[in-house]
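This report refers to the structure that appears directly beneath it.
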Number of protein chains: 2
Amino acid sequence: MGERDPTLMAGVPELVVLRLLAEREMYGYEIARTLKVVSRETLSLGEGVLYPALHAMEARGLLRPRPRQVEGRTRIYYQLTARGRRRLARLTANWQRMSAGVARILGTSGHD
Amino acid sequence: MGERDPTLMAGVPELVVLRLLAEREMYGYEIARTLKVVSRETLSLGEGVLYPALHAMEARGLLRPRPRQVEGRTRIYYQLTARGRRRLARLTANWQRMSAGVARILGTSGHD
DNA sequence: TTCCATACCTCGCAGCGCGAGGTATAGTCG
DNA sequence: CGACTATACCTCGCGCTGCGAGGTATGGAA
């Protein structure tokens with residue numbers, strides 16, 4: 001299996017969380033589990049990353065929290081705000097541009 | 001034009017510098033200029049990033065410095081060490097795995 | 001009662017990108 | 001000669017962010 005490189009993860013949590021929530025509302029634990037499956041372990045966020053990230057995004061008005069009681073336990077579902085959707089679009093564009101740039105460097109010599 | 005997102009740049013300088021030096025030895029200023037051209041501005045590293053990165057990599061034994069006098073100015077050419085080549089291989093693998101994971105999340109819904 | 005899964009949370013460390021600012025030389029233009 | 005630009009190196013401190021460790025509480029199964 002492959003090792004994880006923490007430094008390469010910068011900015012990724014915000015991006016993928018926004019992307020997941022664009023599909024449907026989810027709660028924290030669910031996000032963590034979903035990410036593991038969809039990304040095949042390569043992107044798994046620990047709770048020490050996930051919850052602070054969710055709170056920060058909420059504080060910035062990207063997410064709207066919707067707490068619910070389910071079988072005696074509290075789940076905090078999150079929905080994307082309009083601002084969150086805009087943020088996702090921009091972040092996605094930035095990611096793709098940057099990713100393409102790196103790919104161009106990695107893809108051997110300078111064949112344009 | 002697209003904006004840059006600093007947080008997405010984490011780990012990128014080390015990766016691209018190693019990749020460039022794998023091709024041929026270069027000096028700092030040259031690396032900065034080359035990067036601008038090859039990546040079409042999307043990856044340009046300021047000198048406040050580049051030089052500290054080079055020193056850190058040298059300290060970790062990834063690069064071998066080769067100072068030369070050229071027309072009265074000092075250039076420090078850098079060559080990859082064996083360790084640097086190994087580091088490049090691992091970093092590249094990590095990058096691709098992570099990048100693929102994000103791409104899978106971004107690529108719409110959960111088809112597969 | 002013990003244990004595990006669910007479900008939330010916080011704290012402090014460490015790493016890294018970045019802009020601003022600094023030094024010095026060579027060549028050009030007026 | 002003096003001013004300016006390009007080359008070529010460097011450092012410092014801010015601020016952000018990922019992360020592991022540790023903590024609380026409930027419900028259900030062994």
Side-chain angles (χ1 to χ4, degrees), chain A residues 3-18 25-36 39 42-60 62-63 65-78 91 94-95 98 101-102, chain B residues 3-18 25-36 39 42-60 62-63 65-78 91 94-95 98 101-102:
Chain A
E3 345 117 57
R4 290 174 39 68
D5 189 331
T7 76
L8 290 179
M9 289 297 291
V12 170
E14 184 184 0
L15 176 57
V16 296
V17 166
L18 286 174
E25 63 170 17
M26 296 175 82
Y27 57 98
Y29 217 72
E30 190 185 7
I31 293 176
R33 271 187 288 109
T34 304
L35 230 33
K36 271 197 173 187
S39 77
T42 58
L43 253 43
S44 59
L45 307 187
E47 304 188 4
V49 177
L50 185 57
Y51 290 112
L54 287 171
H55 298 154
M57 294 165 78
E58 179 189 339
R60 291 169 60 198
L62 307 179
L63 305 184
R66 289 279 181 264
R68 276 174 225 164
Q69 297 296 324
V70 178
E71 294 169 19
R73 294 187 209 88
T74 302
R75 290 180 181 173
I76 304 182
Y77 284 82
Y78 288 96
L91 242 192
N94 287 152
W95 161 266
M98 189 275 302
V102 172
Chain B
E3 343 118 59
R4 290 173 39 68
D5 189 329
T7 75
L8 291 180
M9 288 298 290
V12 171
E14 184 184 359
L15 176 57
V16 297
V17 166
L18 285 174
E25 62 170 16
M26 296 175 80
Y27 58 98
Y29 217 73
E30 190 185 7
I31 292 175
R33 272 187 287 108
T34 303
L35 231 33
K36 271 197 172 185
S39 75
T42 57
L43 252 42
S44 59
L45 306 187
E47 304 187 3
V49 177
L50 185 58
Y51 290 112
L54 287 171
H55 298 155
M57 294 164 80
E58 178 189 340
R60 292 169 59 199
L62 307 178
L63 306 184
R66 288 282 181 261
R68 276 175 225 164
Q69 297 296 323
V70 179
E71 293 169 20
R73 293 188 210 88
T74 302
R75 290 180 181 172
I76 304 182
Y77 283 82
Y78 288 96
L91 242 192
N94 288 152
W95 161 267
M98 189 275 302
V102 172

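Protein chains get the first letters and strands the later ones, always in sequence-line order, with residue 1 at the start of each. This one's a predicted model, so the numbers in the text were calculated from it and none came from an experiment.
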Problem set entry | B/Y27, nearest nucleotide to its side chain (from D/dA8, C/dC8, C/dC18) | D/dA8

Exercise. Are B/E14 and B/R60 ion-paired here, with the side-chain N under 4.0 Å from a carboxylate O?
Worked result: yes

Exercise. Can you tell me how far P of D/dG18 sits from CE of B/M9, to the nearest Å?
Worked result: 16 Å

For this session: Flag the pair B/Q69 / B/T74 as yes when at least one side-chain heavy-atom distance between them is below 4.5 Å, and no otherwise.
Result: yes

For this session: Please determine if a side-chain N or O atom of B/Y51 lies less than 4.0 Å away from the OP1 or OP2 oxygen of D/dC10.
Result: no

For this session: Heavy atoms only: give me the nearest A/A10-B/L8 pair and the separation to one decimal.
Result: O-CD2, 3.7 Å

For this session: Check every atom of D/dC10, D/dA8, C/dC9 against the side chain of A/H55 and return the nucleotide holding the closest atom.
Result: C/dC9

Seminar exercise, completed: Of D/dC10, C/dG17, D/dG18, the nucleotide closest to the side chain of B/V49 is C/dG17

Exercise. Quick one: A/E71 CD to C/dT6 C1', roughly how many Å, whole number?
Worked result: 10 Å

Problem set entry | 5' precedence on DNA chain C between B/D5 and A/P52 (nearest-nucleotide basis) | A/P52

Exercise. Separation of A/Y77 atom OH from C/dT6 atom P, in whole Å?
Worked result: 13 Å

Exercise. Counting N and O atoms only, with roles assigned by atom type, does the side chain of A/D5 sit under 3.5 Å from a partner on the main chain of B/W95, one being a donor and the other an acceptor?
Worked result: no

Problem set entry | Sub-4.5 Å side-chain heavy-atom contact between B/I31 and B/L54 | yes

Problem set entry | d(CD, A/Q69; P, C/dC8) in whole Å | 11 Å

Exercise. The side chain of A/P13 lies closest to which of these nucleotides: D/dG18, D/dA8, C/dT10?
Worked result: D/dG18

For this session: Would you mind classifying the nucleic acid contact of A/R73 as base, sugar-phosphate or nothing, using non-hydrogen atoms under 4.0 angstrom?
Result: base

For this session: Pick base, sugar-phosphate or nothing for B/R68, based on heavy-atom distances below 4.0 Å to the nucleic acid.
Result: nothing

Exercise. How many Å lie between CD on B/E3 and P on C/dC18, as a whole number?
Worked result: 14 Å

Exercise. Counting any heavy atom closer than 4.0 Å, what does B/I76 reach on the DNA or RNA strands: base, sugar-phosphate only, or nothing?
Worked result: sugar-phosphate

Problem set entry | Protein-nucleotide distance (B/R60, atom CZ; C/dA14, atom C1'), rounded to Å | 14 Å

For this session: May I ask you to verify if any side-chain N or O of A/R33 is less than 4.0 angstrom from the OP1 or OP2 atom of C/dA5?
Result: no

For this session: Let me know the distance between CD of B/E47 and P of D/dT11, rounded to the nearest Å.
Result: 12 Å

Exercise. B/K36 NZ to D/dA6 P: how many Å, rounded?
Worked result: 12 Å

Exercise. Which part of the nucleic acid, if any, lies within contact of A/G72, taking any heavy atom under 4.0 Å across all strands shown: a base, the sugar-phosphate backbone alone, or nothing?
Worked result: sugar-phosphate

Exercise. When you check the phosphate oxygens OP1 and OP2 of D/dC9, does a side-chain N or O of B/Y29 lie under 4.0 Å from one of them?
Worked result: no

